[in-house]
Each structure stands twice: as structure tokens, then as C-alpha cells.
Amino acid sequence: MASYDVIVIGGGPGGYVCAIRAAQLGLKTACVEGREALGGTCLNVGCIPSKALLHATHLLHESHENFEKMGLMGAHPTVDWPKMLAFKEDVIGQNTKGIEFLFKKNKIDWIKGWASIPEAGKVKVGDEVHEAKNIVIASGSVSSSLPGVDVDEETVVTSTGALALKDIPKRLAVIGAGVIGLELGSVYKRLGAEVTVIEYLDAITPGMDAEVQKQFQRILAKQGLKFVLGAAVQKVEKGAAGATVTYKLRKDDSEATVEADVVLVATGRKPYTEGLGLDALGVELTPRGQIVTNGHWQTTVPGIYAIGDAIQGPMLAHKAEDEGMAVAETIAGKHGHVNYEVIPGVIYTTPEVASVGATEEALKKEGRAYKVGKFSFMGNGRAKATLAAEGFVKILADKETDRILGVHIIGPSAGEIIHEACVAMEFGAAAEDLARTCHAHPTYSEAVREAALACGDGPIHS
Ligand code: NAI
């Protein structure tokens, strides 16, 4: 039996970051992970592999749409699907091995297997019981399916199966117009599939700023994605080849079907806490199965903490990472802190979509007096030069104080340029602070400055 200051359960972005920070702060640390490789959902079957496929298929799309416009002539590339999947696997391997290296460098023990907690202070893996002064649960989440939908990861798939299909489907039906549905729907649309997205609500990407939702849907529809909105999926029936999705339109209760070779179920994720023994321990869960934690990520049982997708809040790798660092600092006697007001969200389609802070709808609901500064990428020199002048930057600032309350971007590299807004918001900046900051020309970031100028005396290029 080994004894540790901290045992982290789960080696995803929340868990591995927590383990590294704990070790850096001088705590004897182990991390339990049952997968073959470290990195959790994000590195193995989520963020990283999807970004590899999004990048490769984006280039394919560029070659079809834009190469000739720029004088790049010649045959269009064709797709070697097994090779593209091998590229994706290689990217996964490089990333997961990187974490293994960081564990060795920081002298963190990787305990291989699935953990349970027989009692506070003890973690059981296989037949071994390890002692830990502190336990951090970072067990993540799994896809949640729908009643009447059986996932087999071949014909009816979650994101995991969708990242490893044997063949590119001719027809893909996507249930849910959230982040996963739209990213993976884009991948297969670019690879030539006919993609139909069926969404329960009347808009795509729930929770996003409504103006962004509308423009995003218009752009994706122009790229060829078909949308059926306001439609509740009832069942998915597998046939000899493919499957039939039956949905009911909410406005008139009429039923309709979509035939597809593959059906992607992207209707959200739920915390994964099975097998940990939380019930017996008395660790409280919310009705949605999330582990209840206080402001210091402590569960209802002393000595047991929880972070990431297993607790409340957005299911985002970077939110889990921040909590991982903060809880390690807390355990080490420092003051761990996460600013939940400034957590960006990014969708890695083309164009990218990124947002941080309040939406216009949320401010209206709150009754807050605000102003809007908007700037279209049509007025941005770099975006024009790269044939990417679609979308806009929208800044919401307090009407009186000019403090930035929310930033919403749809456009080129939105997922990168959002961070200047994040830093500004961390410092409590006003829109004028962004507007008075010199921005290099020509950059996409200038669109952020122009939107900030639009909150004051007006932008220059519109
Ligand atoms: P999501 O919660 O973003 O979207 C699910 C969608 O499915 C919603 O729009 C919902 O209205 C719809 N839906 C639910 N039941 C339905 C039904 N019966 N019929 C039709 N539509 C239905 O969930 P998603 O896309 O599965 O992602 C899961 C989590 O993973 C999210 O929290 C997301 O933030 C995270 N994620 C983040 C990524 C990123 O940051 N780029 C990438 C991938 C996932």
C-alpha cells in the first residue's frame, strides 16, 4: 500500500493538470487512470482528435472553394480516409505521450486501472488500496443518449464512434445542434456527406448570443448543412444498412423521418461517477448526477474534492483545467481561485465561433443597461486577404461605466482572438481600454478593436 498527499481520480484535462500542479507544489501525488492512455476524453476521443479532422477537412474545403480564386490551379486533393484517421491517431499519440512525459518529469505515479473510494482517505484500484490525505475526483463525463436510441458506435454513434467511422457516410443524421453536432457535422459535410441536423430547440447552439446563432446557422446552411429545428427525436431504428430517425415537429406534432447511413447522437453529456462508490460514502449529487461541491471544490465528505465535468458548470476542458490547478493550490494551503465569469467557449467550425461573458439576451433578462459595439469582418483587411471576411465581433459593455460584459465573435480565428477579450475582462477593462490599445495591422484582432471603438465614437472601417 502506497501513501500519498493527493490521489487524483481521472487523467483528463482536469485530473492531469491537477496532478501536475499538486506535484509542483511539493505534494506526493498519484493519478488513477483506467484508459490505455492519459488525457481523458479530450485528448483521446474529444477535443484533440476532432481538431485534427477539422483541420484536415478545412484544408480540403479551402482547396475546393478558394484555391482557384487565388490562382492555385490543378486537381483537387482526394481523400484517403484511412490515412486521415492515421494522422488523427498520430496527433492523439503525440499528445497523450506528452502527458506521460510530464508525469515522469513531475514524479507523479500513474496508477493504471479504475478507482473506487472504499472510505475517505483510501483509493482502491484492482486489489490494491492506496492511502491519500486528499482525493480529487476528476472522472469526467460520458455522452448521454436519448430514450429509444441505442448506440452501437457503428451505425448509431456518439462523438467517440463518429471520430473513427470505418467509411465516410453518404448520409449523416446528427441529433442535436450543439458543439459536437456542428463540429462533427462540418467534418463529414466537407468530406462529401449529406448532413441533416435535427435540433429540439428553435435555434442552434443553445445559450449562445442570438445574433451569433442566426448568422452561424446561415453560414453553415450555405456550406450545405441541412437543419430541422424545433424537432424532438422520438426514435432511431436500425435497418439492413443505415438507420431511420423519427422526429416530431414541436409546432404541430407532425412526425417525419430522416434516412441516414450513420446517426450521430450529440444531445449532451452527463457526469461519469459510476463505480466510485459515492453513494455509500455519502457524497451528495445534484438531481442531474453532478457531484455537489462548495466554493473550494470540497464535496460533502471531508478530504474528497471534485472538479471538471463531474461537477456543475460548463463541460469544457479548460474549465476543468482551471479547477484542477485551483484545487491543487487549495490543498497545498494556497488560495486557489477560478473566475467563472470569464470562461470562453469556442466552436471550431469554419468560421470559428467564440464567446465570453454575458449574451445580449442575458443582459436584457437581467435588466442591465448596456451598449453594443459591432464590427463586421467585411471591413477587416486581413480577413479579405484570406477570403475569410464572414462574421462579426460584438462587444457588450455597461452603458454607464463602459465595462466589458460580454464578447461574441463569429469569424476567422475567433477561438484565438477571443482571449484579448478574456484578458481585458479579467482586468475589469472598459471597451475604451481595448479601443485605445494599438493593434497590429493587418490582423483579425483589429476587428475586436473596431467593435470596441463602436462602443464609443465609432469604428473607422465601417
Ligand atoms: P450540447 O448540450 O452542446 O447540445 C446538445 C443539443 O441537443 C442541444 O441543442 C439540445 O437542445 C439538443 N437535443 C437534446 N435532445 C434532443 C432531441 N430529443 N431531439 C433533438 N435535439 C435534441 O451537447 P453536445 O454537443 O453533445 O456537447 C456535449 C458537451 O461537450 C457540451 O457541454 C460541450 O460544451 C462540450 N464540448 C465542447 C467542445 C468545444 O468546446 N469546442 C467540443 C465538443 C464538446
Side-chain angles (χ1 to χ4, degrees), residues 12-14 40-55 140-149 151 156-163 173-187 196-208 210 213 216-217 220 226-236 245-250 255-258 260 263-272 288 290 308-322 343-356 409-410 414-416 418:
T41 300
C42 173
L43 271 68
N44 288 286
V45 287
C47 325
I48 297 298
S50 62
K51 259 77 274 175
L53 293 183
L54 278 159
H55 176 65
S141 61
V142 287
S143 301
S144 58
S145 187
L146 295 171
V149 181
V151 171
V156 184
V157 298
T158 65
S159 50
T160 303
L163 289 166
V174 178
I175 308 175
V179 189
I180 292 181
L182 299 181
E183 287 187 354
L184 290 172
S186 288
V187 164
T196 308
V197 183
I198 306 155
E199 164 60 45
Y200 181 82
L201 298 172
D202 295 321
I204 66 170
T205 56
M208 281 245 166
Q213 289 179 327
F216 190 29
Q217 191 189 333
L220 292 177
K226 286 190 196 140
F227 290 98
V228 184
L229 301 183
V233 167
Q234 307 292 305
K235 59 181 175 188
V236 175
V245 182
T246 304
Y247 60 83
K248 206 178 234 184
L249 284 178
R250 282 166 54 228
E255 267 195 6
T257 56
V258 172
V263 179
L264 166 61
V265 186
T267 50
R269 297 178 64 83
K270 58 180 181 194
Y272 177 61
R288 296 180 55 199
Q290 300 149 317
D309 284 10
I311 69 168
Q312 294 185 26
M315 288 185 163
L316 294 169
H318 43 283
K319 175 256 193 190
E321 289 183 36
D322 279 24
I343 295 183
V346 178
I347 309 178
Y348 298 84
T349 43
T350 302
E352 291 182 355
V353 176
S355 68
V356 61
I409 308 174
I410 174 163
E416 301 294 337
I418 191 71

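When reading the values below, keep in mind they use all heavy atoms of this one structure, side chains included, and skip hydrogens, waters and symmetry mates. For ligands, and for the atoms within them, numbers begin at 1 and follow the listed sequence. As the structure is a prediction and not an experimental result, all values here were calculated from the model.
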Return the set of residues passing side chain to side chain contact (heavy atoms under 4.5 Å, CB included) with Ala354 (not counting sequence neighbours), or none when no residue passes.
Val346, Ala414, Ile418

In terms of atom number and element, which parts of ligand 1 are under 4.0 angstrom from non-hydrogen atoms of [X]?
X	result
Ala231	19 (N), 20 (C)
Leu146	15 (N), 17 (C), 18 (N)
Tyr200	16 (C), 20 (C), 21 (N), 22 (C)
Pro206	8 (C), 9 (O)
Glu183	41 (N), 42 (C)

Purely on distance, is any nitrogen or oxygen of [X] under 3.5 Å from one on ligand 1?
X	answer
Leu201	no
Gly268	yes
Tyr348	no
Val179	yes

Of the protein's non-hydrogen atoms, which lies at the shortest distance from [atom], and what is that distance?
atom	answer
atom 32 (O) of ligand 1	Met315 CB, 3.5 Å
atom 1 (P) of ligand 1	Gly178 CA, 4.1 Å
atom 5 (C) of ligand 1	Ala266 O, 3.3 Å
atom 29 (C) of ligand 1	Arg269 CD, 3.7 Å

Kindly indicate, with the supporting measurements, whether the criterion side chain to side chain contact (heavy atoms under 4.5 Å, CB included) is fulfilled by Val156 and Val149.
CA-CA 8 Å; Val156 184; Val149 181; 3.8 Å; yes

Taking side chain to side chain donor-acceptor pair (under 3.5 Å) as the test, write out the residues that go with Ser141, two or more places apart.
Arg269, Asp309

Could you measure the distance from the [atom1] atom of [X] to the [atom2] atom of [Y]? Nearest 0.5 Å is fine.
X	Y	atom1	atom2	result
Leu229	Leu201	CG	CG	9.0 Å
Glu352	Glu416	CD	CD	7.0 Å
Met208	Gln217	CE	CD	13.5 Å

So for Cys47, does at least one of its heavy atoms come nearer than 4.0 angstrom to any atom of ligand 1?
no

From [atom], work out which of [options] has a heavy atom at the shortest distance.
atom	options	value
atom 10 (C) of ligand 1	Lys51, Gln234, Glu199	Glu199
atom 15 (N) of ligand 1	Thr267, Thr41, Val265	Thr267
atom 27 (O) of ligand 1	Ile198, Leu182, Ile180, Val228	Ile180
atom 17 (C) of ligand 1	Val245, Ile347, Val233	Val233

For Tyr348 and Glu183, work out which heavy atoms get closest and say how close.
N-OE2, 2.9 Å

Taking all non-hydrogen atoms of both residues into account, name the closest pair between Val236 and Val263 and its distance.
CG1-CG2, 4.1 Å

Looking at [X] and [Y], would you say the former's side chain and the latter's main chain have a donor-acceptor pair under 3.5 Å?
X	Y	value
Lys270	Ser143	no
Arg250	Tyr200	yes
Thr205	Gln213	no

Where does Val346 meet ligand 1, judged by heavy-atom distances below 4.0 Å: at the side chain, the backbone, both, or neither?
backbone

